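Each chain gets a letter, A, B and so on, in the order the sequences are listed, and its residues count up from 1. The model shown is predicted, which means the values in this text are computed figures rather than measured ones.
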There are 2 protein chains.
Amino acid sequence: MVFVSDTTVVPPELACPISPVVDLVFSRWTTPILWVLNEFGRQRFVELERRITTISPKVLTQRLRQLERDGFVVRTYHPEVPPRVEYEITDLGRGLGPLFASIAEWSVNLDKVEQARSDYDARKPSPRAR
Amino acid sequence: MVFVSDTTVVPPELACPISPVVDLVFSRWTTPILWVLNEFGRQRFVELERRITTISPKVLTQRLRQLERDGFVVRTYHPEVPPRVEYEITDLGRGLGPLFASIAEWSVNLDKVEQARSDYDARKPSPRAR
DNA sequence: GATAGTAGGTACCTAGAGGAAAGTATGGTT
DNA sequence: AACCATACTTTCCTCTAGGTACCTACTATC
């Protein structure tokens, strides 16, 4: 499947070596969840729900399971009545810190994107052939 | 909309300050496209198509337009016959390099994720209440 | 005059993600 | 005996991203 000659052709995952990480870490809702777990420490389901205001409980459960399975989060179940569950970020999850930091750094460029968009939209509505 | 007291409640964008960048840079297909543009330099539509083997032409066009509008890519149209179009990454796009680099660095942890998944799957199929 | 080649555009269709709302188990409170 | 709270689960529904397939314009070439 991998030819390296005149035309370099590789499968999509190899065409971009960072894709696996991107799919893993930056899939929908995972960054907000990991962020608040990292910011506010161990917390319960409802607390997460209240902080990430727009997430539905169903999706929150799904993402938390996935994050737990991937080793980013630990779930602790307290068999009380009513039941209590706590979620905490793991060392592996905390290891994403530098990554998040470099993203935060880059965000100073967001206004350049804004500028580019204005410029693009200003250049006639559809100059597709020049 | 922002209360800071006992319960810190903020809108979702603010709950995670890196979300805007994530939505912008790590939406589907954008990383492979930017990656190959950065790796292989200026290239034509069909070359991109051949390198990112699994993308459909429709989606490739959509993403390229979006990347152009956001200022990550410049498109150059040559009115020849048959027409020729070249895409190139901009300085703004190249500025994502350090970001991509830190992601590539983190990817050494991918096997830990694999391990976590095996462990999770091994711990009885559904021990949801312990 | 049929075909090829480029860089798309357009119409149609489907799968999957995600939202809303109700249900579940448990025991305590009123 | 109704009701509450928690942490989900389940059902149903919708919406959109993305795929397939076909169409466009233009000329050279067979």
request  = Nearest whole angstrom, please: distance from the C1' of D:dT6 to the CD of A:Glu47.
outcome  = 12 Å
ask   = When the distance from CD of B:Gln62 to P of D:dA17 is rounded to whole Å, what number comes out?
value = 8 Å
query = Taking atom P of C:dT6 as reference, at what distance in whole Å does atom CG of B:Leu64 sit?
reply = 16 Å
Phosphate OP1/OP2 of C:dA7 contacted by B:Arg75 side-chain N/O (<4.0 Å) = no
remark   = In whole angstroms, the gap separating C1' of D:dC8 from OH of A:Tyr87 amounts to 8 Å
Donor-acceptor side-chain pairing of B:Arg65 and B:Gln62 below 3.5 angstrom = no
query = Looking at C:dG18, C:dA7, D:dA7, which one has an atom nearest to any side-chain atom of B:Phe45?
reply = C:dA7
Distance-only polar pair, side chains of B:Arg69 and B:Gln66, donor-acceptor under 3.5 Å = no
remark   = From the candidates C:dT6, C:dG18, C:dG9, the one with an atom nearest any side-chain atom of B:Pro83 is C:dT6
inquiry  = Using whole Å, what does the distance between atom C1' of nucleotide C:dG18 and atom CD1 of A:Ile55 come to?
reply    = 10 Å
query = Please give, in whole Å, the distance from D:dT6 P to A:Tyr77 OH?
reply = 14 Å
inquiry  = Any donor-acceptor pair under 3.5 Å linking the side-chain atoms of A:Asp119 with those of A:Gln115?
reply    = yes
query = C:dA7 phosphate, OP1 or OP2: any side-chain N/O from B:Arg84 under 4.0 angstrom?
reply = no
key: d(CD1, B:Ile52; P, D:dG19) in whole Å   = 12 Å
note = On DNA chain C, more 5' by nearest nucleotide between A:Pro82 and A:Lys58 is A:Lys58
Lys/Arg N to Asp/Glu carboxylate O, A:Arg44 vs A:Glu86, below 4.0 Å = no
query = Can you find a side chain N or O atom of B:Arg65 that sits less than 4.0 Å from OP1 or OP2 on C:dG9?
reply = yes
query = To the nearest Å, how far apart are B:Leu60 CG and C:dT10 C1'?
reply = 17 Å
inquiry  = Whether A:Arg28 contacts C:dG18 is assessed here as follows: a side-chain N or O lying under 4.0 Å from the phosphate OP1 or OP2. Is that the case?
reply    = yes
Separation of A:Ser102 OG from B:Ile103 CD1 (nearest 0.5 Å) = 7.0 Å
